[in-house]
Amino acid sequence: MTTPGKFISLEGIDGAGKSTHLNPIAEWLRARAREVVVTREPGGTPLGESLRQLLLHQSMNPDTEALVMFAARREHVVQVIAPALARGAWVVSDRYTDASFAYQGGGRGVRTEHLRHLESWVEDGIRPHLTLLFDLDPEEAHRRVVKGTPHPDRFEREQDAFFRKVRAAYLERAAQEPERFCILDSSQTPEAIFGQVCRALERLAP
Ligand SMILES: Nc1ncnc2c1ncn2[C@@H]1O[C@H](COP(=O)(O)OP(=O)(O)O)[C@@H](O)[C@H]1O
Ligand SMILES: [Mg+2]
């Protein structure tokens, strides 16, 4: 395929189904593209993965949490995402900037104004062409996490009230940029969700 690659991010609360769909999405793209880079946040680089361990297991002030998330993201953009897009690869990331608006903004109450500054500094124009938002009721997401995660991290241990705020912030972000977001009803079966995902991918890579 000669068309330049695009950047796809997967978003949604813990347990909504992002990781489940990451590989099927990558396979779908690999059948059509020269190169597909699969990555995740926080993480995606050696430094980012070290910061991920701190973020998932060390308690910290919400502003600090936002700053560390964006520090890891800057490394990810510079080392991985921007170079991949520049050489024409497709990039699929399990979370990106929307997660900071949802978790640190909606969930923890970090001021949106601060997040907007960090967003433009850190992204430096590298924005997803498509964001798949796995939307699910927090109670159902919690049931799925409990069933599938023996050792939940600092975020996965949060209560439904936290995830209701995170979900609302995601939906607000999606309403602000409806052309970038595809909201998926994650209460369906994985097969039905993947059908919706494929339709969104076909619009991006016809
Ligand atoms: N559509 C679905 N219906 C039922 N269970 C699901 C569905 N999608 C994912 N799961 C299960 O829910 C759990 C959380 O899914 P996962 O993809 O890890 O979520 P996330 O990466 O968004 O936190 C996993 O155990 C997974 O097998
Ligand atoms: Mg996951």
Side-chain angles (χ1 to χ4, degrees), residues 7-30 36-45 48-58 65 68-69 72-73 76 80-81 90-108 128 130-174 180-201:
F7 178 18
I8 300 169
S9 61
L10 276 53
E11 298 285 359
I13 62 174
D14 289 83
K18 300 176 296 299
S19 303
T20 300
H21 289 88
L22 195 61
N23 280 326
I25 289 168
E27 288 312 311
W28 191 97
L29 290 170
R30 279 194 187 105
V36 180
V37 173
V38 177
T39 187
R40 69 167 179 184
E41 289 203 354
T45 65
E49 290 294 327
S50 298
L51 295 174
R52 178 187 181 91
Q53 291 312 309
L54 288 174
L55 286 159
L56 298 190
H57 304 293
Q58 166 91 51
E65 187 179 284
V68 177
M69 284 286 183
R73 180 165 302 126
H76 194 206
V80 176
I81 304 174
W90 284 71
V91 177
V92 188
S93 185
D94 189 337
R95 299 190 185 285
Y96 190 59
T97 307
D98 299 309
S100 294
F101 281 83
Y103 279 74
Q104 284 70 52
R108 307 255 196 248
L130 170 68
T131 297
L132 298 167
L133 176 56
F134 293 81
D135 183 54
L136 186 62
D137 169 56
E139 285 177 32
E140 172 59 18
H142 182 75
R143 278 192 288 274
R144 291 184 188 176
V145 168
V146 168
K147 222 167 117 188
T149 317
H151 305 290
D153 63 43
R154 206 160 71 79
F155 292 97
E156 290 163 339
R157 287 198 304 271
E158 287 286 351
Q159 303 299 308
D160 288 352
F162 174 83
F163 287 112
R164 278 195 289 276
K165 291 188 280 186
V166 175
R167 182 193 195 189
Y170 266 133
L171 290 170
E172 195 186 317
R173 253 328 247 179
R180 172 164 68 89
F181 275 87
C182 171
I183 303 175
L184 302 160
D185 174 3
S186 276
S187 67
Q188 304 174 93
T189 63
E191 295 72 25
I193 297 166
F194 193 61
Q196 291 182 65
V197 168
C198 289
R199 282 193 291 280
L201 294 176

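Everything numeric here is computed off the predicted structure, so don't read it as measured data. Indexing begins at 1, ligand by ligand and atom by atom, following the structure's order.
Considering only heavy atoms from C-beta on, Asp98 stays 4.5 Å or farther from Leu133 through its side chain. Within the 4.5 Å cutoff, side-chain heavy atoms of Arg144 are placed close to those of Leu136.
The protein atom (non-hydrogen) at minimum distance from atom 18 (O) of ligand 1 is Ser19 CB, 3.9 Å. The protein non-hydrogen atom at the shortest distance from atom 19 (O) of ligand 1 is Gly17 N, 3.1 Å. Shortest contact from atom 23 (O) of ligand 1 to any protein heavy atom: Gly15 N, 2.7 Å. Residue, atom and distance of the protein heavy atom nearest to atom 25 (O) of ligand 1 are Gly148 CA, 3.8 Å.
The distance criterion of under 3.5 Å between nitrogen or oxygen atoms is met by Thr20 with respect to ligand 1.
Checked by atom type, the side-chain pair Thr131/Arg173 shows no donor-acceptor distance below 3.5 Å.
Note on the Mg ion (ligand 2): protein N/O/S atoms under 2.8 Å are Ser19 OG.
Using a cut-off of 4.0 Å between Lys/Arg side-chain N and Asp/Glu carboxylate O, Arg154 and Glu65 are scored as salt-bridged. Between Asp14 and Arg95 there is a salt bridge, since a side-chain N of the basic residue sits under 4.0 Å from a carboxylate O of the acidic one. Taking a cutoff of 4.0 Å between a charged side-chain nitrogen and a carboxylate oxygen, Glu172 and Lys165 do not qualify as a salt bridge.
Near Thr189, meaning under 4.0 Å from one of its heavy atoms, ligand 1 places the atoms 1 (N). Close approach of ligand 1 to Asp14 (heavy-atom distance below 4.0 Å) involves ligand atoms 23 (O). Using a 4.0 Å cut-off to heavy atoms of Ile13, the atoms of ligand 1 that qualify are 22 (O). Interface atoms of ligand 1 facing Ile193, defined by a heavy-atom separation under 4.0 Å, are 1 (N).
In this structure, Pro190 counts as a contact residue of ligand 1, since one of its heavy atoms falls inside 4.0 Å of the ligand.
Of all non-hydrogen atoms in Phe134 and Ala16, the two that sit nearest each other are O-CB, 3.4 Å.
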(request) Determine, step by step, whether Ile25 and Val36 satisfy the side-chain contact (heavy atoms from CB on, under 4.5 Å) criterion, reporting the C-alpha distance in whole Å, the side-chain angles of both residues, the deciding distance to 0.1 Å, and the verdict. (result) CA-CA 10 Å; Ile25 289 168; Val36 180; over 6 Å; no
(request) Test Ile193 against Thr20 for side-chain contact (heavy atoms from CB on, under 4.5 Å), laying out the working first. (result) CA-CA 11 Å; Ile193 297 166; Thr20 300; over 6 Å; no
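A search for salt bridge (Lys or Arg N to Asp or Glu O under 4.0 Å) contacts involving Glu11 returns nothing, not counting sequence neighbours.
Comparing heavy-atom distances from atom 12 (O) of ligand 1 across Glu156, Lys147, Arg144 singles out Arg144 as nearest. With atom 1 (N) of ligand 1 as the reference point, the heavy atom nearest to it among Gln188, His21, Lys18 is part of Gln188.
Interatomic distance, CG of Asp137 versus CG of Asp160, reported as 7.5 Å (0.5 Å rounding).
Using cut-offs of 30° and 60° for the angle between ring planes, the Phe162 and Phe155 rings count as tilted.
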